[in-house]
Amino acid sequence: MTETPAKPAAKKTAKKTATKIATKTTTAKKTAAAKPAGAKKTAAATKTAAKKAPAKAPAKKAAPARKPESRVAMVRRARRINRELAELYPYAHPELDFGNPFELLVATVLSAQTTDLRVNQTTPRLFAVCPTPEDMAAIPPEQLEELIRPTGFFRAKAKSLIGLSTALRDRFGGEVPGRLEDLVTLPGVGRKTANVVLGNAFGVPGITVDTHFGRLARRFGWTTAQDAEKVEADVAEIFPKSEWTMLSHRVVFHGRRVCHSRKPACGACPIAPLCPSYGEGETDPEKAKKLLKYELGGQPGQRLKPPSDYPGQPALPLAAS
């Protein structure tokens, strides 16, 4: 058989395809030649770095969840915290200046929504004018408001002070009663104020739940309650009654000096190993030391007339602060 010659159209198509391939090859060569000399080195370096780069470390496994703490273990830990705080603050005391139950009652009412320091700077002038319930019940409200103005909310506080002074004069013979049931009937006096007065003026054990005590009781895992009376009841079940008053002072001292609301000084806290909330604040020891307040931070305390065993400096009067 004779060969059939290729069709002209097929030859033309083949030539066009060959031409396109050749053109692409030529273009690719020109492009490669146009690249800067360092491009090849960069590409090579990238490949080498990729080879040398260590493989990604496997993801760390999540720490195993802590076993729930038993009631017995929590009580033991809580009582140990109390012992540690007793060693840290053997001089713990009420941080309001007072000379008798009436002065303590008035100072505690004034301490709402302000610092004990500001109250201590205000009461000397107040008690010079109103040393007794009879005097305070008779003072014009405007004059009393002006005397207690530095403590804030002075109108509401003046109303409470005149009311409780009148009640002391008319119902209790001008004397502060030594029973919780009687104290809470006075205007402006709740359980917290009553427990402060009973524990420190009458020696009757009581737990004082202020903002510091409530915050630390929750951080320590003694309670989850937000309500002050529920916190008081929960903590009362953990500690013997004989410890209630001093426990209150120690916890409040620690809350003011170390375990602050916004920036607790965890790294400078002696009871950190016992605290389930460790790490909420600054854990670096040097940075944490700078957060310490009052005598632990080398600063004056809150009382103008602190107890003789207080290791810090007295606070300054209002005019000098």
Side-chain angles (χ1 to χ4, degrees), residues 66 69 71 73-96 108 111-117 190-196 199-200 205-283 285 287-297 299 301-303 312:
R66 288 183 178 181
E69 187 178 38
R71 171 74 182 179
M74 184 276 286
V75 170
R76 286 176 178 169
R77 181 174 58 80
R79 293 184 177 185
R80 186 176 170 192
I81 287 175
N82 183 35
R83 292 194 297 271
E84 296 281 344
L85 291 178
E87 291 184 9
L88 181 61
Y89 307 110
Y91 50 87
H93 56 268
E95 294 189 271
L96 290 169
T108 307
S111 69
Q113 304 297 317
T114 190
T115 63
D116 287 357
L117 170 60
R191 288 186 67 88
K192 185 197 86 168
T193 298
N195 280 328
V196 169
N200 298 286
I207 295 172
T208 304
V209 182
D210 65 358
T211 55
H212 302 289
F213 191 97
R215 179 177 71 252
L216 268 65
R218 287 185 287 273
R219 282 181 177 170
F220 292 158
W222 299 349
T223 183
T224 58
Q226 296 291 332
D227 177 73
E229 287 193 29
K230 184 63 169 67
V231 172
E232 181 185 340
D234 288 345
V235 175
E237 292 180 356
I238 299 172
F239 299 93
K241 196 171 183 178
S242 59
E243 286 290 314
W244 288 357
T245 299
M246 286 309 300
L247 170 73
S248 300
H249 293 325
R250 293 163 191 154
V251 172
V252 171
F253 255 60
H254 196 62
R256 286 174 171 166
R257 287 149 178 78
V258 180
C259 197
H260 312 131
S261 177
R262 294 184 182 178
K263 286 187 177 181
C266 294
C269 179
I271 61 170
L274 299 171
C275 182
S277 299
Y278 173 79
E280 283 189 16
E282 180 58 65
T283 56
K287 292 180 180 178
K289 282 182 184 178
K290 296 178 182 178
L291 299 174
L292 300 178
K293 294 183 179 179
Y294 301 112
E295 73 279 359
L296 296 188
Q299 303 154 359
Q302 297 199 80
R303 292 187 67 165

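- Rounding to the nearest 0.5 Å gives a distance of 4.0 Å between SG of Cys259 and CZ of Arg219.
- The SG atom of Cys266 sits 7.0 Å away from atom CD of Glu280, with the distance rounded to the nearest 0.5 Å.
- A pairwise comparison of heavy atoms in Gln302 and Thr115 identifies OE1-CB, 4.1 Å as the closest pair.
- For Ser111 against Asp116, the heavy-atom pair with the smallest separation is CB-OD1, 3.7 Å.
- Ring pair Phe253/His212: centre-to-centre distance not below 6.0 Å.
- Contact detail for Ala225 and Asp234: the closest heavy-atom pair is CB-OD2, 4.1 Å.
- Nearest heavy-atom pair across Val258 and Cys269 is CG1-CB, 3.9 Å.
- In terms of modelled atom types and a separation under 3.5 Å, the side chain of Thr283 and the main chain of Gly267 share no donor-acceptor contact.
- Here the shortest heavy-atom pairing between Thr245 and Gly206 reads OG1-N, 3.3 Å.
- Side-chain atoms of Trp222 and Val251, non-hydrogen and from C-beta on, do get closer than 4.5 Å to each other.
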Stepwise side-chain contact (heavy atoms from CB on, under 4.5 Å) test for Arg218 and Thr224: CA-CA 6 Å; Arg218 287 185 287 273; Thr224 58; 5.9 Å; no
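- Judged by distance alone, the side chain of Glu295 and the main-chain N or O of Gly312 form no donor-acceptor pair under 3.5 Å.
- Rounding to the nearest 0.5 Å gives a distance of 8.5 Å between NZ of Lys290 and NZ of Lys287.
- Residues passing the side-chain contact (heavy atoms from CB on, under 4.5 Å) test with His260, sequence neighbours excluded: Leu291, Lys293.
- Residue pairs meeting the side-chain hydrogen bond (donor to acceptor under 3.5 Å, both in side chains) criterion with at least one partner in residues 263-278, sequence neighbours excluded, do not occur; the list is empty.
- The side-chain contact (heavy atoms from CB on, under 4.5 Å) check on Ser248 picks up Ile207, Thr208, Phe213, with sequence neighbours excluded.
- Taking CG of Asn200 as the start and CG of Leu96 as the end, the distance is 9.0 Å to the nearest 0.5 Å.
- Between Val235 and Leu247 there is a side-chain heavy-atom pair separated by less than 4.5 Å.
- At least one side-chain heavy atom of Phe220 sits under 4.5 Å from a side-chain heavy atom of Ile81.
- Residues Met246 and Asn82 form no side-chain contact, since every pair of their non-hydrogen atoms from C-beta on lies 4.5 Å or further apart.
- The two residues Gln299 and Leu292 make their nearest non-hydrogen contact at NE2-O, 4.0 Å.
- Expressed to the nearest 0.5 Å, how far CZ of Arg191 lies from OG1 of Thr193 amounts to 12.0 Å.
- Inter-residue side-chain proximity for Ser261 and Arg215 is flagged as met; some heavy-atom pair is nearer than 4.5 Å.
- Side-chain contact between Glu95 and Arg256: present, with at least one pair of heavy atoms (C-beta onward) separated by less than 4.5 Å.
- Listed by chain and residue number, nothing satisfies the salt bridge (Lys or Arg N to Asp or Glu O under 4.0 Å) test with Glu87 (two or more places apart in sequence, or in another chain).
- Remark: Glu69 pairs with Ala73, Met74, Arg77 by the side-chain contact (heavy atoms from CB on, under 4.5 Å) rule, at least two apart or across chains.
- When Arg250, Arg257, His254 are each tested for a side chain to side chain donor-acceptor pair (under 3.5 Å) with Tyr89, only one passes: His254.
- Remark: Arg83 engages no residue in a salt bridge (Lys or Arg N to Asp or Glu O under 4.0 Å) (not counting sequence neighbours).
- Open room surrounds CZ on Arg262; 12 or fewer heavy atoms of other groups in view lie less than 6.0 Å from it.
- Between the CG atom of Leu216 and the CD1 atom of Ile271 there is a distance of 7.0 Å, given to the nearest 0.5 Å.
- Looking only at side-chain heavy atoms (C-beta outward), Arg71 and Glu237 come within less than 4.5 Å of each other.
- Counting only distance, with no hydrogens or angles, the side chain of Arg303 and the backbone of Pro94 share a donor-acceptor pair below 3.5 Å.
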